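Everything on this sheet refers to the single structure shown next.
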Protein chains: 2
Amino acid sequence: MIKPRTPPGVMELLPRDQIAFQRMLDTIRLTFERFGFLPVETPVMELSEVLLTKSGGETERQVYFVQSTGALEKSGEGLPELALRFDLTVPLARYVAEHEHELAFPFRRYQMQRVYRGERAQRGRFREFYQCDIDVIGKDALSIRHDAEIPAVIGAVFEALAIGDFTIQLNHRKLLRGYFEGLGIEGERQAAVLREIDKLDKRGQEAVAATLEGEGFGLAAETVAKLMAFSQVRSRGHEDALAKLAALGPGSVLFEEGRDELREVLQRLKAMGVAESRYAVNLSIARGLDYYTGMVYETTLDAHPQIGSICSGGRYDNLASHYTKSKLPGVGISIGLTRLFWQLREAGIVATAESSVDALVTLLDDADLDHALALSQQLRAAGLNVETQLEPRKLAKQLQYADRAGIRFVVIRGGDEAARGVVAVKDLRRGEQFEAAEADLARTLLVEREQWRAVGSSSN
Amino acid sequence: MIKPRTPPGVMELLPRDQIAFQRMLDTIRLTFERFGFLPVETPVMELSEVLLTKSGGETERQVYFVQSTGALEKSGEGLPELALRFDLTVPLARYVAEHEHELAFPFRRYQMQRVYRGERAQRGRFREFYQCDIDVIGKDALSIRHDAEIPAVIGAVFEALAIGDFTIQLNHRKLLRGYFEGLGIEGERQAAVLREIDKLDKRGQEAVAATLEGEGFGLAAETVAKLMAFSQVRSRGHEDALAKLAALGPGSVLFEEGRDELREVLQRLKAMGVAESRYAVNLSIARGLDYYTGMVYETTLDAHPQIGSICSGGRYDNLASHYTKSKLPGVGISIGLTRLFWQLREAGIVATAESSVDALVTLLDDADLDHALALSQQLRAAGLNVETQLEPRKLAKQLQYADRAGIRFVVIRGGDEAARGVVAVKDLRRGEQFEAAEADLARTLLVEREQWRAVGSSSN
């Protein structure tokens, strides 16, 4: 006998939690599709040579390699031929370069699949997790207007997920770099300072200031003070965002480019009707990766700042330089849904879902089975998810089962009801019972379900 | 520069094909949920020790092993710790045994995920492919009534997929084994004969008969003739199925058990209103695996028998004997969707889908951008999937783009329309153009879309 268990670092859910998770996935996908993003799925394994284009750094990424039984026996030299993807960006680059002449640009794709990282086993760290990504890829050029649509998508996703108030934090790498230039911080040092600024949330102002004044950087106290003041800038509301940007005063060409683009993003967000409480300029957002070159985004839950950013991304200059000579600038974001779901459960923000099963058709007398089967099919044809009790049990047992499973409606047809052509329905959610003519049952339950959904979504 | 390419044996789709594939996945899932099946997802990698419980046979299954960079360096002894799942049945067994005390039985689950097999690279053979499975798992016992519901689910799935007329072939292992007993074929030889019968479709009657009369089996010509006649039995329609079963005459206890259960399945299918053209008794269906012990199912497309079974499964005695002492009988089926999709495309049965994007809001004049953004959001809020043209281009270019992308509605607002508060809509599907007041646009498009869906589904 072998002990049944999953490997460490994966999230496996019981059905009611899986239903809650699936609803989040569905909501995100629906919203991505609302904005005209197209679905892409890529294989979980890529050729190692293609996946690991950058020399070095692979071990940091803790890549998982894949070998079939045969290859395992022959192994020994070099890396295995196959590896599991560690994000959805490298596969996107490979996909766009491979299918460049079959795609229309700007290419808007969403991808929601699992990725793999050999992380150190630790609570809340996952080796297999979902990423839900959107990217817009241009050919040669891509208008800043796409960067403006991205936060509108983020806003729509988190409105629809209804997990609480949130703020999309906006910044621009050119604004940051232009400001650094003005302080005389150039070249390599710029990237290093950016990485320190990115740690402000985790390390706090004092620690970061100390590092910047310390040996490695050796910045003047006055310069560091300016950097700290700059990175403290946060806006509240649309007009305040514009005012805060204006108050920064004039800067370098790079600085002005960044400010102009950030202003355009703000303007378009307003045109799209995104509530101004949902976005803010935050000049401390740097996104450590060297990858980003323009707009950068982070999203936080107002009541749970400790969770950190739940959706991040930005603009990059060239997606696929390893695979094609074409210049492919892009802008995109990613939601790490496995970790987010885990955090939301830890924080008590997502509760156990009602079942995906709408109704249980009970069975009290074995002779009624064929009738119960036919009635169930009638409800299914109308669009309801139905489980049929296939063997008679005590009604109390069947009710208890439905209650534990989170099934809302229990349909009961005893001798008395049968004689009158009606069924009794127990609504376990409301704790009510009512009768319906059999012919009307599907319509009645559908109306109840829709009302409940309407109530459910407006109360969030 | 590295050539961007996928490993051999995987299916990667361009967006319009991905949309068609996604619609099939959605349809299958919706139907599984209609019948009250609950979602389960398991990690793609399992502990090798847990996954590969059966000694031997692993190499046949061509398992992929997984190693992180660190493990790779230390490797050498024994099998790697992790392996990719090669089906969804072993993970289900592990899941049910692991969560036995948290699940309600009978446990009805669906799982639609990718599985991995190191198949020989060959056209139409995949190393990564989707399986869409349902299973019902009982504790200690499971009523035959669940076996009767399974073909109703298969029927509903393929009605909804609308890929042509199909037949669910039904048989029962006890009927087969009971008949063999009557011919004096017992024990080990029974399983061997079953495997030969299972090859009838591929090898043909003569070849299989020759094998059975040959040295290995040495069955009498008369016995083989009876086996061939028996396996030729096919029913057409419900009454014919019952008549064919009756015409088999009396048999062993095992035989009668099988026949009784098959009869009950037929009765319940009728009660559920499954069209009798959709199911048939076929006594040649054996399902080679020793695994199955009762009902067995295969499904074929009437116009494309060469595709073979597109949905198969059956009853098994004990799901998880490697992981638990509990007896867990079950019944289930599997659809190999990647291969099915590939075959349907090869056979010209699935065409390129219309886009998931319902409408393109065009942009003719840069000054109208904010208006186009607001109009797009209005349509999205009503439930339409909308892409906004963010930079002005010639209308002909925008129409061409929409046409190639398979977007149905193109919304145009020139100076004339703007002055009158209307927009022009080109319906690329119907080749028609009409005007709508801006305030009514969302409603108009939604009505058009619903009508089209109604037409689309009734014409299949």
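We name chains A, B, ... by the order of the sequence lines, and we start the count at 1 in each one. The shown structure was predicted, so the numbers you read here are calculated from the model rather than taken from an experiment.
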Using non-hydrogen atoms and a 4.5 Å limit, figure out which bit of A:Arg114 sits close to chain B: side chain, backbone, both or neither. side chain
Contacting moiety of A:Val10, where chain B heavy atoms sit under 4.5 Å: side chain
Donor-acceptor contact present, side-chain B:Glu387 to main-chain A:Phe37, <3.5 Å: no
Among the listed options B:Leu360, B:Thr324, B:Leu30, B:Val44, the residue most often paired with chain A at heavy-atom distances under 4.5 Å: B:Val44
Ranking A:Lys270, A:Arg109, A:Met11, A:Arg108 by heavy-atom pairs under 4.5 Å to chain B gives rank one to A:Arg108
What residue in A:Val357, A:Leu103, A:Leu38, A:Leu390 has the most heavy-atom pairs under 4.5 Å with chain B? A:Leu390
Between A:Ser376 and chain B, with a heavy-atom cut-off of 4.5 Å, which part of the residue counts as in contact: side chain, backbone, both or neither? neither
Any heavy-atom pair between the side chains of B:Arg34 and A:Leu379 that's under 4.5 Å? no
Can you tell me which portion of A:Gln113 sits under 4.5 Å from chain B's heavy atoms? Options are side chain, backbone, both or neither. side chain
Are A:Asp26 and B:Arg29 close enough that some pair of their side-chain heavy atoms sits under 4.5 Å apart? yes
Could you tell me whether A:Glu33 and B:Arg380 make a salt bridge, using a distance below 4.0 angstrom between a side-chain N and a carboxylate O? no
OG/B:Ser356 to OH/A:Tyr110 distance, rounded to the nearest 0.5 angstrom? 6.0 Å
Under 4.5 Å to a heavy atom of chain B? For A:Val96 that would be neither
Chain A neighbours within residues 15-22 of chain B, where any heavy atom lies under 4.5 Å away: B:Pro15, B:Gln18, B:Ile19, B:Gln22
Between B:Gly273, B:Ala104, B:Pro91, B:Gly383, which shows the greatest number of heavy-atom pairs under 4.5 Å with chain A? B:Gly383
CG on A:Leu52 to CD1 on B:Ile2, rounded to 0.5 Å: 9.0 Å
Measuring from A:Thr6:OG1 to B:Tyr95:OH, what's the distance to the nearest 0.5 Å? 11.0 Å
I'd like to know which of B:Tyr323, B:Tyr401, B:Phe107, B:Phe32 tops the heavy-atom pair count under 4.5 Å against chain A. B:Tyr323
A side-chain contact here means heavy atoms from C-beta on lying under 4.5 Å apart; do B:Val66 and A:Tyr116 qualify? no
Is any side-chain heavy atom of B:Glu12 closer than 4.5 Å to one of A:Glu41? no
Taking the side chain as every heavy atom from C-beta outward, state whether A:Ser68 and B:Gln62 have any atom pair closer than 4.5 Å. no
Out of curiosity, A:Met45 CE to B:Leu84 CG, how far, rounded to the nearest 0.5 Å? 7.0 Å
Applying a strict 4.5 Å limit to non-hydrogen atoms, the region of A:Leu47 in contact with chain B is both
Of all of A:Gln378, A:Glu46, A:Glu391, A:His371, which one pairs up most often with chain B through heavy atoms under 4.5 Å apart? A:Glu391
Could you check A:His322 against B:Met1 for side-chain contact (heavy atoms from CB on, under 4.5 Å), going step by step and ending with a plain yes or no? CA-CA 5 Å; A:His322 295 290; B:Met1 203 73 61; 5.9 Å; no
Measure A:Gln377 against the heavy atoms of chain B and call it side chain, backbone, both or neither at under 4.5 Å. side chain
With chain A as the partner, which of B:Leu13, B:Leu14, B:Val40 has the greatest number of non-hydrogen pairs under 4.5 Å? B:Leu14
Looking only at A:Ile407, A:Leu384, A:Leu375, the option with the highest number of non-hydrogen pairs under 4.5 Å against chain B is A:Leu384
Which residue out of B:Val274, B:Thr388, B:Thr42 racks up the most heavy-atom pairs below 4.5 Å with chain A? B:Thr42
To the nearest 0.5 Å, what is the distance between NZ on A:Lys3 and CZ on B:Arg94? 12.0 Å
Chain B contact via A:His146 - which portion, at a heavy-atom distance below 4.5 Å: both
Inter-residue atom distance A:Leu373.CG - B:Arg145.CZ, 0.5 Å rounding: 8.5 Å
When only pairs under 4.5 Å are counted, which of A:Pro39, A:Ala93, A:Ala320, A:Gly36 shares the most heavy-atom pairs with chain B? A:Pro39
Heavy atoms, side chains only, cut-off 4.5 Å: are A:Arg268 and B:Leu369 in contact? yes
Crowding at CD, B:Glu81 (>12 non-hydrogen neighbours, <6.0 Å): no
Using non-hydrogen atoms only, which part of A:Thr31 is less than 4.5 Å away from chain B: side chain, backbone, both, or neither? neither
Name all residues meeting the salt bridge (Lys or Arg N to Asp or Glu O under 4.0 Å) criterion together with A:Arg404; count only those two or more places apart in sequence or in a different chain, and write none if there are none. none
